[in-house]
Amino acid sequence: MPELPEVETVRRGLAPALEGARIVSAVVRRPDLRFPFPDELKDLLEGARITALTRRAKYLLIELDKGTTLIAHLGMSGSYRVHSLLDHTLRSSRDRASGPEPAWSERPLSDPTPLIPGQFHYERSTLGAHDHLVLEVEGGAIGPAEVIYNDPRRFGFVLAAPTATLYEHPFLAELGPEPLGNALTPEHLAGRFAGKRAPLKAALLDQKNVAGLGNIYVCEALSRAHLSPKRLAGTLVTKKGLPTQRLVTLTQVIRDVIGEAIEAGGSSLRDHKQTDGSLGYFQHSFSVYDREHAACPTPNCKGTVKRIVQSGRSTFYCPTCQR
DNA sequence: AAGTGAACCTGAAGGC
DNA sequence: TGCCTTCAGGTTCACT
């Protein structure tokens, strides 16, 4: 699922449950995802307080008060869901304000001890085969809750790194600038692209050049910039190593696309849901992604969106107006 | 050195 | 219905 806007949406969805919360229990339901889980992950998590929940590129960074930060990646199919364990009365009054009653279970836990004195504790959500990590937390903004990581394809992972040297971790050290940060400039990209013979599609997917773009948003950015995904990256740099006007435009549309997608809650393909079960809606704004044979959305362009394969992945673009 | 393709997994969708 | 193929929002590794 996840490119930068989707991961940022996940982060925002998890923050009310996790930030400032204490992890009451952790269940690790298999020994590994793409990589083995850290040794004693369960012991590391249980009793820890989450002091910050941030994001870098497509990585979620879960900072614990033990001097350790978890580096979590969603791979292609990872998702989190949050299941409130709040008292029935509290949930009812809150949910009445914003929609229909949710179908939570009212059966009490086998352990009748209330999580918080005076509150009733409801049954945990039913777990499926691909629910790999289950955290029970309390003390975040929404109170007691379960946070469950699901990942059918298991391309995602959770690693632990010392907080003090977090950004020296191999997965973070070489990342390019955040698309919405000040470090992403036409000059930066000119420096990265100069002399490069890789097609723009591949150059923008390379996380060392700019962080957080994936197949969707590269296609969308190139469409808006009217640049062919097959054009060589080096052609956007002058002989003196300066950005061309086209590269200035490309830099701006990357910001625009990513910013708009975050505001829309990301893109929901194949029924992917946010942490609260709702859907992002940026997919309705796609210009070209997954729109093969559709009319090109560029004003006055009579072209048709075409699908090609570049380095084994689908690229969607309009050959008429993207040059 | 840099650039391309295969590999890692499961599940959904489409063709026959 | 069922079987087969293809494809999927990512990343790393092994080859030219």
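Values reported hereafter were calculated over all heavy atoms of this structure, with side chains retained and with hydrogens, waters and symmetry mates removed. Convention: sequence-line order gives letters A, B, ...; per-chain numbering from 1.
For the residue pair A:Lys196 / A:Asn209, no side-chain donor-acceptor distance below 3.5 Å is found, with atom types taken as modelled. A donor-acceptor contact closer than 3.5 angstrom is absent between the side chains of A:Glu263 and A:Tyr281. Side-chain N/O atoms of A:Gln283 and A:Ser268 include no donor and acceptor closer than 3.5 Å. Defined by atom type and a distance below 3.5 Å, a donor-acceptor pair is present between the side-chain atoms of A:Thr315 and A:Gln310. Side-chain contact check for A:Glu63 and A:Thr51: at least one donor-acceptor pair (N or O, by modelled atom type) lies under 3.5 Å.
Within 6.0 Å of the NZ atom in A:Lys230, the count of heavy atoms belonging to other residues, nucleotides or ligands does not exceed 12.
Neither OP1 nor OP2 of B:dC9 sits under 4.0 Å from any side-chain N or O of A:His130. Within the 4.0 Å cut-off from OP1 or OP2 of C:dA8, not a single side-chain nitrogen or oxygen of A:Ser77 is found.
The interatomic distance linking A:Arg30 (CZ) with B:dT10 (C1') rounds to 11 Å, in whole Å. Distance A:Lys196 NZ to B:dT4 C1': 15 Å, rounded to the nearest Å. The separation between A:Asp151 atom CG and B:dG11 atom C1' is 12 Å, rounded to whole Å. We find that CG of A:Asn150 is positioned 13 Å from P of B:dT10, with the value rounded to whole Å. Rounded to an integer number of Å, the gap from A:Leu33 CG to C:dT11 C1' is 14 Å. Across the protein-nucleic acid pair, A:Tyr217 atom OH and C:dG10 atom C1' stand 14 Å apart, rounded to whole Å. Rounded to an integer number of Å, the gap from A:Ile308 CD1 to B:dG5 P is 12 Å. Atom pair A:Leu205:CG and B:dA2:P shows a separation of 18 Å (rounding to whole Å applied).
When side chains are defined from C-beta on, A:Val237 does not count as touching A:Leu242, because their heavy atoms never get closer than 4.5 Å. For the pair A:Val7/A:Arg11, no side-chain contact is recorded, criterion being any heavy-atom separation below 4.5 Å from C-beta on.
Taking every side-chain heavy atom of A:Arg313 into account, C:dT11 is the closest of B:dG3, C:dT11, C:dC7. Among the nucleotides C:dT11, B:dG3, C:dC7, the one closest to any side-chain atom of A:His73 is C:dT11. Among the nucleotides C:dG10, B:dT4, B:dG11, the one closest to the side chain of A:Pro2 is C:dG10. Here the nucleotide nearest the side chain of A:Glu3, chosen from C:dG10, B:dT10, B:dT4, is C:dG10. Side chain of A:Lys58, nearest nucleotide from C:dT11, B:dT4, B:dT10: C:dT11. Here C:dG10 is the nucleotide among C:dC7, B:dT10, C:dG10 with the atom lying nearest to any side-chain atom of A:Asn215. The side chain of A:Ser311 lies closest to B:dT4 when the candidates are B:dT4, C:dT11, B:dT10.
Side-chain atoms of A:Arg153 come within donor-acceptor range of the base of B:dC9, with a qualifying N/O pair under 3.5 Å.
Under the Watson-Crick or G-U wobble criterion, with both distances below 3.5 Å, B:dC9 has no partner in any strand shown.
Stacking between A:Phe155 and B:dC8 is shown: the ring centroid lies under 5.5 Å from the centre of the six-membered base ring, and the planes differ by under 30°.
Spacing of P atoms, B:dA1 relative to C:dT11, comes out at 24 Å, to the nearest Å.
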Distances for protein N or O near nucleotides 12-16 of chain C N or O, under 3.5 Å:
none

